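Single-structure report; data block below.
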Amino acid sequence: MRRRTFLDGSIAAVALGGAGLLVGSLTATFVRRKPAPVAAPTTPQPGAGAGTASAAGGGAKVSVAVADVPVGGSATVKDPASGDAIYILQPKAGQYCALSSVCTHAGCTVDPPRGGALSCPCHGSRFDAATGAVLTGPAVKPLPRYAVTKDGDRLDLGPQTS
Ligand code: FES
């Protein structure tokens, strides 16, 4: 009788452990990995405030120092509405633009510009750093663009334009 009780308890313990492993496995399978937003410029500039964005006017105006956006590089700010990272870029000297960092394929965060393109680490899509156009799929839609206005030594982020 005591042996029977012990065996019943062991079987129940094994069954519970298996159920726990199954739940853990399913949870790991269905939890989506969300990449952390980038918070630093692609090329740090000595003494230039490390590319941090500043919000003026009670947080409504988002801007960066021109010096924080090197030619071929970018500075990162946050979309005030969504909180997603936006790259303010200078693809050519004196030419500024802003692109969403959210890949249009499945929502991963694209890497900062390098060699004139932004690459997505998830499935390999590449986007033109001057226009946001798709250079390589699987993405088919361009990165959303934002207006950028140069105001003295600051670059102000404007509304989304595409
Ligand atoms: Fe960017 Fe798939 S999420 S290529």
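Side chains are part of it too, since the values below use all heavy atoms of this structure and drop only hydrogens, waters and symmetry mates. These numbers come from a predicted model, not from an experiment. Whatever order the structure lists them in is the order used to number ligands and atoms, beginning at 1.
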**Request:** Would you kindly say whether D84 and S82 are connected by a side-chain donor-acceptor distance under 3.5 Å?
**Result:** yes
**Request:** Decide whether R145 and S162 meet the rule of one side-chain donor and one side-chain acceptor closer than 3.5 Å.
**Result:** no
**Message:** Using a strict SG to SG cutoff of under 2.5 Å, would you count C122 and C108 as disulfide-linked?
**Reply:** yes
**Message:** Which of the protein's N, O or S atoms come within less than 2.8 Å of atom 1 (Fe) of ligand 1, not counting waters?
**Reply:** C103 SG, C120 SG
**Message:** Please determine whether salt bridge (charged side-chain N to carboxylate O under 4.0 Å, His left out) holds for the pair K61 and D156, giving the CA-CA distance in whole Å, both sets of side-chain angles, and the decisive distance to 0.1 Å.
**Reply:** CA-CA 7 Å; K61 185 175 178 182; D156 297 333; 3.5 Å; yes
**Request:** Could you pull out all residues at least two apart from T136 that satisfy side-chain contact (heavy atoms from CB on, under 4.5 Å)?
**Result:** R126
**Prompt:** V77 and V102: same hydrophobic cluster, using ILVMFWY side-chain contacts below 4.5 Å?
**Reply:** no
